[in-house]
Structure formats: structure tokens, C-alpha cells
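Step one of this worksheet: look at the structure below.
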There are 2 protein chains.
Amino acid sequence: MNVRSRHDAIVRTLRRNGTSTVDALADEVGASRRTVLRDISALRDEGYVIHSDVGRGGGLQLDTQSLQTRAKLSVPEVFALLISVAAMRAAGNLPFSELADAGLAKIEKALPSDKVKDLRAFIECLHIGQLSPQQDLSDIGKMDTDLLPAFETAFLARQFIRFDYWDAKGRKTLRKVEPQAMLILPPLWYLVGWDPARDDFRHYRMDRISNPEAVPDTSFRRRHVPFEDDVCPYSELPP
Amino acid sequence: MNVRSRHDAIVRTLRRNGTSTVDALADEVGASRRTVLRDISALRDEGYVIHSDVGRGGGLQLDTQSLQTRAKLSVPEVFALLISVAAMRAAGNLPFSELADAGLAKIEKALPSDKVKDLRAFIECLHIGQLSPQQDLSDIGKMDTDLLPAFETAFLARQFIRFDYWDAKGRKTLRKVEPQAMLILPPLWYLVGWDPARDDFRHYRMDRISNPEAVPDTSFRRRHVPFEDDVCPYSELPP
DNA sequence: TTAAAGGTGACAGATTTTGGCACCATTTAG
DNA sequence: CTAAATGGTGCCAAAATCTGTCACCTTTAA
């Protein structure tokens, strides 16, 4: 019996029984009274709130609201959560969004600090708006999460991005643009890029992009994307 | 040097240097070659993807997209994240919402299963709509997250909820209602309750509720709340 | 062929964890 | 009041685990 799994067993037992004595716990997890007491102390250090009543009829009691959970997340998952909360916040602060932020802050604290900075910088490139409901959105494709690495690299290292694009008429073309921003108009998601060949901004629906690849190019410039606050000048975007 | 901190040091070094040899790592973290190899093996077991090139010029390389983070979250924080993602999904599926769900699934897997069921059941009571923008929302108060425990208890144990309520005219009254649903009209958040004294549904702005308390009462009935799909019959709600 | 790299197994020594014990403080039953 | 039940602490030896050393293997590039 591992120390970690013994801790888990203790928490589980406390949750199940509501209240329990040290000796009963020791019996349950197959460890000595002394060890269980040390475990309780360790769990308290970890943030669990465990009440104890001393004396006859007393025992230990786990504060159910204080339950901790230990999750192991990958960077793309953290990224997705960050976007979710950022999008929700942009849509109008919900109650609990502070609490969600607190949770995310803990997750971020567990990431290497440079990775956090990268993610935040990427999220700075997001613009979230409201799509007018009369648009025809019958053909929304699923966005492939495999796109993420190339986009992250291109945005953060200020590289060009090259990809295949199927336009609204079903024609496939090869594009190479400076990634300037990401525009979210739920449920659509656009890349806003500066196309040097056309000397203008172009927007690309993410679900029509495939095989993206970050391409180093010294001519990259960060440009001022013509978003004004929450007003999106792209409101006449073809779906 | 702890095992845990040595693992962290190894991951940090691999991230910083991009690629590194076992001997260099051993030197860096002040441990033997053998120990570092054991640590690498342990990290791989934990889910880190570490590529290795054998032979002259080879070395270890951490797959940057596979970076894991170990976060410790409390139940209310998990709850807030669940609501965020649920709300975002209701607002129109964003790309990455699947990824966010995958992350949340991992978090939930780390929770006791009954707690997960409770949280899901609570979230079932949420109705998320769109607030028409012409409403006057100048006086939105902050919702206190301390309200959560009482609401969770009342909803899940089917108990009445008693609270102080300040209405739009600033009058304070004591209410006791059957909690039937939660209505989210960003950025507002309502409790939809059946008030037995008035024999009708009433809605209460959450930021005007204080001192909520769950009260067991055998007369509680689950009622059909007159929401129709996404159409909210409460659209004439006074803010 | 040789040197540089990752990887494995075995074993003794170093370190940490565990169990047992004595003991203390508090509370409730009788 | 007294006794029993409970949480809690300090100490130390035994048990378990971790670590370093060493020998050796495989693969790869010069």
C-alpha cells in the first residue's frame, strides 16, 4: 500500500462514513494508528479541511466542500479551458467566473511559467464577438484540434502560416499569411491573416483549414487588426 | 532534493534546453545517471512523452505539446469550470469545447464518483439563455460564491431554500421557496423557485439573495418549469 | 573500430517511512 | 469524581524504499 493510495483510501472512507475514528481508519486502510494520524496531518497540509472532535463519541470529519481533486492535464486541455472561461467572460461575466478563474490560476501555477506566458499571449490574439442569428450555419465542419500546435507556434514565434483552404464554393487553394488574430463568432472560429499576395486582410474559417504549417519568414509584421472594441467590422463575413 | 522536485527540475531543464543527455541532466539536478534514468522512466509512466535518440549525438527530448500539469482543485472550483464549459457549449459550440470537456473529464475522474453525479445533477437544473441587450443592467451586484453550498444542498437533497431578498425597490423580505431551476441570462443569474405562499413560480436575481439556507420540508415537489427549449418565457423579466 | 549515447540488472549503503510505545489533553458516561 | 474513549505528539528501532556504483548491452555517427 502506497502512501498516495493510502491517502486516497482515507479520504474515500471519510467521505463514505461521514465521520470516523482514527482507530477505525487505521483498521480500514491496514496501517497503524500512528501512520493514519501522520496521514491526516499531511492531508490537512494539502488543503483538506478535516474537523476533529476529541473525547468520547468524537472522531474525524471531512468538510465535504473542501474536497480536493488532483487532475493531470495536458497543455492543449489547459488551453481549451482557458479559452472557454475567456469566452464566457467575454459573453458577460457570469457568477462563478471568478471561481473558475481561481481554478485556472491553480492549474496555471502548476505549469512552467514560460508556457503560461505563451498561452496568455496566444489568448490575447482572440477576439470574441456575437454572431447575428440570421446567418446560415448549416455546414459547420468540426475543427480539428490537431491544428493547435501549428497555430500556437506561428502566433507565438511570429511566423507565417501556410495551409490548404477550401472556400465557400468548394475550391481548394494554398494560402500563406501572417497570422494576426483569431476571431470567435460562436459557433464559428476564424483566422484573421494578412495576405501579402493580396496586400490585405483575409479571414479564414477554421473548419475549412487543413494541413497548417508554421513557416519562418523575416518579413512578418504585426499589424493593427481593425477591430474596434466589441464591434466587429467583419459582420458582413460570408459564412 | 526530493523525488518530486527532482522530477520537476528534469522537466524544466528538458523544456529549457530542448534536448539534453542523461549525463547532463544528472549533472544539472545533482543526482546519479542511474537515478535520472529511473526518473525519466517514471515521468514516462506519468504521461510525459519523452523522445530519445540513441547513439552519438543523441539525447532526450520532451514533447512540448505533451506537457502535463498536476493541479489540485476544490469542488467549488471544479463546479465553476463545469458551468463555464456548459455555458459556452450552450452559447454555441466553440472549437476546442471537446478538448475542454476532455480536460474536465480528467478532473471529474479524480473526484469521488458520487460527487460527480451530484454536480452533474445540479448542472441539469441550469437553463442558459441570451439576455436582450436593451435591458438596463447598471446595478448588477457581485454574486457571493458563499451561496453555493446552500444551493447545492437544497437542489440535490430536494429541500426548500430560505433567504433574504432585496427586490428592485430595495425592500427586504424573507422568502422560502422550492428551488426548481437556475436561469442564466448573462450576465444575470436567477433562481427559479416555486413559492407556496403565492402558489406560483417566482424568479430571484442571485445578486439580491443573501443568507440562503437549505430547509428540509416534506412538501417539496419537483415541478415542470415552463421553459420551452431555448425560448425563455421569462423574457419580460424585470432586471 | 571507436566513442558517445540510451537502457537494464544487481546489490550494498543511504534515506525515508512505518509501527510501537509512552504519554498528554479533552470530553463524556456512569 | 473516576474511568474510558478519543485526538494528538515525541521518540526510536525496524522495515521499506530510494540511490549510487558498477558491469554490461544495443545503437549510431564519425
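Below, read A as the first sequence line, B as the second, and so on, with proteins coming before strands; counting in each chain starts at 1.
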(message) Test of understanding: with ring-ring contact (aromatic ring centres under 6.0 Å, His included), list the residues that count as partners of A:Y204, not counting sequence neighbours.
(response)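 With sequence neighbours excluded, A:Y204 shows a ring-ring contact (aromatic ring centres under 6.0 Å, His included) to A:F163, A:Y165, given in chain and number order.
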(request) Taking side chain to side chain donor-acceptor pair (under 3.5 Å) as the test, write out the residues that go with A:D195, two or more places apart. (result) A:R198
(request) List in chain and number order the residues that pass side chain to side chain donor-acceptor pair (under 3.5 Å) with A:S5, two or more places apart in sequence or in another chain; answer none if no residue qualifies. (result) none
(request) Compare side-chain N and O positions of B:T21 against OP1 and OP2 of C:dA4 and report whether any pair is under 4.0 Å apart. (result)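 Indeed not, no polar side-chain atom of B:T21 lies that close.
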(message) Below the 4.0 Å mark, does C:dG7 have OP1 or OP2 next to a side-chain nitrogen or oxygen of B:S41?
(response) no
Base, sugar-phosphate or nothing for [X]? Non-hydrogen atoms, less than 4.0 Å.
X     : value
B:R44 : sugar-phosphate
A:T19 : nothing
B:L60 : sugar-phosphate

(request) Please give the angle, rounded to 10 degrees, between the axes at the start and the end of the helix from C:dT1-D:dA30 to C:dG30-D:dC1, where five pairs define each axis. (result)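 The two end axes of the helix from C:dT1-D:dA30 to C:dG30-D:dC1 meet at 20°.
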Nearest-Å distance, [atom1] ([X]) to [atom2] ([N])?
X     : N      : atom1 : atom2 : result
A:L25 : C:dG19 : CG    : P     : 14 Å
B:R4  : C:dT17 : CZ    : P     : 12 Å
B:L43 : C:dG7  : CG    : C1'   : 16 Å
B:I40 : C:dA5  : CD1   : C1'   : 14 Å
A:D39 : C:dT16 : CG    : C1'   : 14 Å
A:L37 : C:dA22 : CG    : C1'   : 15 Å
A:D53 : C:dA25 : CG    : C1'   : 15 Å
B:Q61 : C:dG6  : CD    : C1'   : 14 Å

(request) For residues B:L25 and B:S20, report the shortest heavy-atom separation together with the two atoms involved. (result)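 Closest heavy-atom pair between B:L25 and B:S20: CG-OG, 3.6 Å.
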(request) Go along nucleotides 20-25 of chain D 5' to 3' and tag each nucleotide: B for a protein heavy atom under 4.0 Å from its base, S when only backbone or sugar atoms are that close, - otherwise. (result) BB----
Test side-chain contact (heavy atoms from CB on, under 4.5 Å) applied to [X] - qualifying residues, sequence neighbours left out:
X      : value
A:A26  : A:V36
B:A105 : none
A:D63  : A:V49, A:H51, A:Q65, A:S66
A:R4   : A:N2, A:D8, A:R70, B:R4

(request) Decide, yes or no, whether a salt bridge links B:R16 with B:E28 under the criterion of side-chain N to carboxylate O below 4.0 Å. (result)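 Salt bridge present between B:R16 and B:E28.
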Show me, pair by pair, the donor-acceptor contacts under 3.5 angstrom made by side chains of residues 72-81 of chain B, not counting sequence neighbours?
from	atom 1	to	atom 2	distance (Å)
B:K72	NZ	A:E46	O	2.6
B:S74	OG	B:E77	OE1	3.4
B:E77	OE1	A:K106	NZ	3.1
B:E77	OE1	B:S74	N	3.0

Expected rows: protein N/O vs nucleotides 26-29 of chain C N/O, under 3.5 Å:
from	atom 1	to	atom 2	distance (Å)
C:dT27	O2	A:R56	N	3.4

(message) Would you say B:R175 and B:T173 are linked by a side-chain donor-acceptor pair, where the criterion is simply a distance under 3.5 Å?
(response) yes
(message) With side chain to side chain donor-acceptor pair (under 3.5 Å) as the rule and sequence neighbours excluded, what pairs involving residues 33-43 of chain B come up?
(response) B:R6-B:D39, B:H7-B:D39, B:S32-B:T35
